[in-house]
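Just so we're clear, the structure is a prediction, and the values are computed from it rather than from any experiment. Chain letters run A, B, ... following the sequence lines, proteins first, then strands; residues in each count from 1.
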Amino acid sequence: MEKFFVTTPIYYVNDKPHIGHAYTTFVCDTLARYYRMLGARVLFSTGVDENSQKNIEAMIAAGESDIARYLDNMAGLWKQSWDDLGIRYDAFIRTTEQRHVNAVQRFWRAAMETGDIYKSVYKGMYCTGCEAFKTESETENGACVLHPNKPLKPIEEENYFFKLSAYRDRLLELYSQSREFAMPEARRNEIRNYVENHLADISVSRSSSSLESGIPVPDNDSQRIYVWFDALINYLTVAGYGSDDRETEQWWPADAHIVGKDIIKFHCALWPAMLWSAAKTDPLLKKMSEEGKLIPRTVFAHGFFTIDGIKISKSLGNAVDPRDLIPAYGLDAIRYFLMREIPFGEDGDFSRKRLEERYVSDLANTLGNLLHRAISMSRRYFNGMTPNVDLVRAGASPNASVWDGAAGLRDLESRYDGFMQEFRIDLALERLWAAGEIKASGLLQANKFVEETKPFQLVKDDAMKVGEILYALLEACRHYAWLLAPVMPETAKAMIESLGQKFDIESKKSLEELRQWGGLPMDTPLPEPKPLFPKREATS
RNA sequence: CGCGGGAUAGAGCAGUCAGGCAGCUCGCCAGGCCCAUAACCUGGAGGUCGGGGGUUCAAAUCCCCCUCCCGCAACCA
């Protein structure tokens, strides 16, 4: 793959990021890091949705009054959070930026010209307390839940509507033609059912008087563009649409929109329809369409985390800021836990107990201890150096029935690649530990290999063989480090340095070169090992 | 009959499409080992595969019925 363009949704900034936001963003960051290692040009974008009415409500709740300053602060807070969590995004978009306003208005005009945007009357129940329309689920006894003393008023308003229903057949065709467009399968069934039976035109503007924020409708000051129509276009904006057509051609379409399961409808139904519509008249999008490069390759909806079995909820105050966990576990352990714990696409639960279990078992006992024991033995038996051995003999493990050395690593790496490219980071990690595999070269098998060959006994009568065993182990650890790198960048670096290599030099090599068996130099000093995942801190 | 997902050991899951000894990780118990972060390895206990019926030499798996849980949808601004 030459390029890889991956996106997070743009988040509302009504609070700081919690573990759910971090999960989505970690997935994208891991994929971005993986594709960078593969040698692809990568565009990983994230950002914040600043045109939502919810932001204004949040600002008022926070006791502030200057929306521009509030948004600046929140954008800074989100950026800082991602920096603290080791997220290496390439683009951070704020939807109040001029380039986004330009992109949205250009897109709007294109869709308008096709006739897919039309004026109609919206009828809704308006709460004068909230100064907002309310959905049925937000009301009780004819009043909104927040203002039970102020009955809702039926209000009619002339708005612009988008002819979503006109794209029904084309959407259904898209779902049946592309298995990967809407993932996972259960969600694709859900969206298909929605489109088949319930698809209706949607309102895409609001009167400026009832909406305090938002991008003005071109040539009509009385209307502002409403939420999703604006928000989805952020993906085009970050790819240069509206500011640099040639850049857009390089990146579009997105390879992966990673989204929460709650917003898959907008990404899998509204978004492609919007693109088809604007592509009828917008020259750039038309060209992309003719080249078959208009529709995003994959929208993958992940599940939600509960906290100790309970839904994350602001009112319950049970949201977890992942940064609070860093002092006890370290950043990489948190990234590992979130990527490993739930099958991608399904729901899962976050709990300190599970995090602790995985930290101790997977990271400290299996991974950390393996590297530590391998280095310790090499240092002890080979004067603090990596063993100098015949690479061919150290590549295979003729006496081991449970561990295949070089050949096994190749197999592991190709299976790992398969899972990563299907967005199954959880399965890639499971494979790396090789859970459930009888004959594989994962971490658990490497530990079995040590027991089976007993280098600590063998050293008394066959030092050469011990060297071969230990070299194979250390070399395997070097491979593990690079396989872990997308999920656990700091750990990968620590492992490579523990093996006496210079991370900065190694990380510039191609993936192919890194995966060559024998990349670990022989007769090289090994520094005294330090536990990668110390346990004392973990249990604090 | 609105649509879909799910129910497998104490926990979390795989296996179901293509029927063939019920498996993995964690936890628990016992043993081994001594290189290692009281880490590692081996063995064991623990399951009427949600319930009932059917097809079959054989069903977690295929067919029918039922129960429970969870999403989505129900002119949601």
Side-chain angles (χ1 to χ4, degrees), chain A residues 53 122-127 130 132-139 152 155-157 159 184-207 210-211 226-227 261-262 264-265 301 303-304 306 309 311 340-343 345-349 351 353-354 356-381 402 426-427 429-430 433-438 443-459 466 469-470 473 529-539:
Chain A
Q53 187 72 19
Y122 172 76
K123 297 174 194 171
M125 299 304 284
Y126 194 85
C127 171
C130 300
F133 285 101
K134 293 286 151 182
T135 66
E136 202 173 304
S137 59
E138 287 171 322
T139 63
L152 293 165
I155 286 189
E156 295 190 2
E157 192 179 289
N159 293 145
E185 195 183 353
R187 294 262 105 78
R188 184 164 61 249
N189 293 338
E190 196 175 290
I191 197 81
R192 183 187 287 117
N193 176 56
Y194 162 75
V195 168
E196 223 163 11
N197 303 316
H198 305 289
L199 198 67
D201 292 355
I202 63 159
S203 157
V204 289
S205 79
R206 212 58 46 80
S207 88
S210 65
L211 200 63
Y226 191 63
V227 277
K261 62 180 181 178
D262 54 334
I264 191 166
K265 198 167 81 179
F304 286 158
T306 52
K311 202 171 151 181
R340 175 70 184 83
E341 180 69 3
I342 71 175
E346 292 175 38
D347 289 345
D349 183 56
S351 71
K353 184 164 170 286
R354 283 296 292 162
E356 177 76 26
E357 277 172 14
R358 286 219 178 265
Y359 182 93
V360 172
S361 175
D362 295 2
L363 298 180
N365 293 355
T366 303
L367 171 61
N369 184 54
L370 175 71
L371 181 71
H372 199 269
R373 70 197 301 207
I375 291 173
S376 286
M377 282 190 277
S378 293
R379 279 167 54 85
R380 179 176 303 205
Y381 308 143
V402 290
D426 57 312
L427 293 179
L429 288 170
E430 185 185 69
W433 262 254
E437 285 288 301
I438 290 167
L443 293 159
L444 292 167
Q445 274 65 34
N447 266 323
K448 290 188 211 294
F449 174 64
V450 176
E451 297 304 316
E452 185 130 334
T453 54
K454 294 185 171 49
F456 39 86
Q457 282 180 7
L458 197 61
V459 69
V466 169
I469 292 164
L470 292 179
L473 270 178
K530 277 176 289 190
L532 282 177
F533 300 97
K535 258 191 244 178
R536 194 166 42 83
E537 290 177 35
T539 51

**Student:** In this structure, how many angstroms lie between the C1' atom of B/G12 and the CD atom of A/Glu430, rounded?
**Tutor:**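 Spelled out: CD on A/Glu430 to C1' on B/G12 is 11 Å.
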**Student:** In whole angstrom, what separates A/Lys448's NZ from B/U25's C1'?
**Tutor:**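 Atom-to-atom, A/Lys448 to B/U25, this comes out as 11 Å.
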**Student:** Does a side-chain N or O from A/Ser361 land closer than 4.0 Å to OP1 or OP2 of B/C26, or not?
**Tutor:**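 For B/C26, OP1/OP2 do have a side-chain N/O of A/Ser361 under 4.0 Å.
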**Student:** What is the separation between atom CG on A/Asp362 and atom P on B/G27, rounded to the nearest whole Å?
**Tutor:**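 About 9 Å, once rounded to whole Å.
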**Student:** Just name whichever nucleotide pairs with B/G4, Watson-Crick or G-U, keeping both distances under 3.5 Å, else none.
**Tutor:**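 By the stated definition (distances under 3.5 Å), B/C70 pairs with B/G4.
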**Student:** Within the structure, does a side-chain N or O atom of A/His372 lie under 4.0 Å from either OP1 or OP2 of B/U37?
**Tutor:**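 Checking A/His372 against B/U37: at least one side-chain N or O falls below 4.0 Å of OP1 or OP2.
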**Student:** Could you tell me how far apart A/Leu444 (CG) and B/U25 (C1') are, to the nearest whole angstrom?
**Tutor:**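 Result: 8 Å.
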**Student:** Looking only at heavy atoms, what is the nearest atom pair of A/Gly303 and A/Asp347, with distance?
**Tutor:**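 Nearest pair, atom of A/Gly303 first, then A/Asp347: CA-OD1, 3.3 Å.
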**Student:** Is there a side-chain contact between A/Thr366 and A/Asn447 (heavy atoms, below 4.5 Å)?
**Tutor:**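 The answer is yes, as the side chains (C-beta and beyond) meet within the 4.5 Å cut-off.
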**Student:** Rounded to whole angstroms, how far apart are CZ on A/Phe449 and P on B/C35?
**Tutor:**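 Nearest whole value for this atom pair: 17 Å.
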**Student:** May I ask you to decide if A/Gly348's main-chain N or O and A/Glu341's side chain share a donor-acceptor pair within less than 3.5 Å?
**Tutor:**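 Flag not set: sc A/Glu341 to bb A/Gly348 has no pair under 3.5 Å.
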**Student:** Describe the nucleic acid contact of A/Arg187 in one word from base, sugar-phosphate, nothing, applying a heavy-atom distance below 4.0 Å.
**Tutor:**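 Sugar-phosphate contact only.
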**Student:** Within the structure shown, what part of the strands sits under 4.0 Å from A/Gln457 by heavy-atom distance: base, sugar-phosphate, or nothing?
**Tutor:**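 The residue A/Gln457 makes sugar-phosphate contact but no base contact.
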**Student:** For A/Leu443 and B/C41, what is the distance between atoms CG and P respectively, to the nearest whole Å?
**Tutor:**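 Result: 11 Å.
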**Student:** A/Ala200 near the nucleic acid: base, sugar-phosphate alone, or nothing, with a heavy-atom cut-off under 4.0 Å?
**Tutor:**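 Nothing, no heavy atom under 4.0 Å.
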**Student:** Is there a Watson-Crick or G-U wobble partner for B/G47 with both distances under 3.5 Å, and if so, which one is it?
**Tutor:**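 Matched B/G47 with nothing under the 3.5 Å cut-off.
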**Student:** With distance as the sole criterion, do the side chain of A/Asn365 and the base of B/A39 form a donor-acceptor contact below 3.5 Å?
**Tutor:**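 Answer is no: no donor-acceptor pair is held.
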**Student:** Provide, to the nearest angstrom, the distance between the CZ atom belonging to A/Arg379 and the P atom belonging to B/C35.
**Tutor:**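 For the pair A/Arg379 CZ and B/C35 P, the rounded distance is 15 Å.
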**Student:** Give the minimum heavy-atom separation between A/Ala364 and A/Lys535, together with the two atoms involved.
**Tutor:**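 For A/Ala364 versus A/Lys535, the nearest heavy atoms are CB-CE, 4.0 Å.
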**Student:** Please report, rounded to the nearest Å, how far the C1' atom of B/C40 is from the NZ atom of A/Lys535.
**Tutor:**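 Result: 11 Å.
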**Student:** When all nucleic acid strands are considered with a 4.0 Å heavy-atom cut-off, which category describes A/Asp349: base, sugar-phosphate, or nothing?
**Tutor:**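 Nothing, no nucleic acid heavy atom in range.
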**Student:** Mind checking who B/C40 pairs with, Watson-Crick or G-U wobble, both distances under 3.5 Å?
**Tutor:**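 B/G32 is the nucleotide pairing with B/C40.
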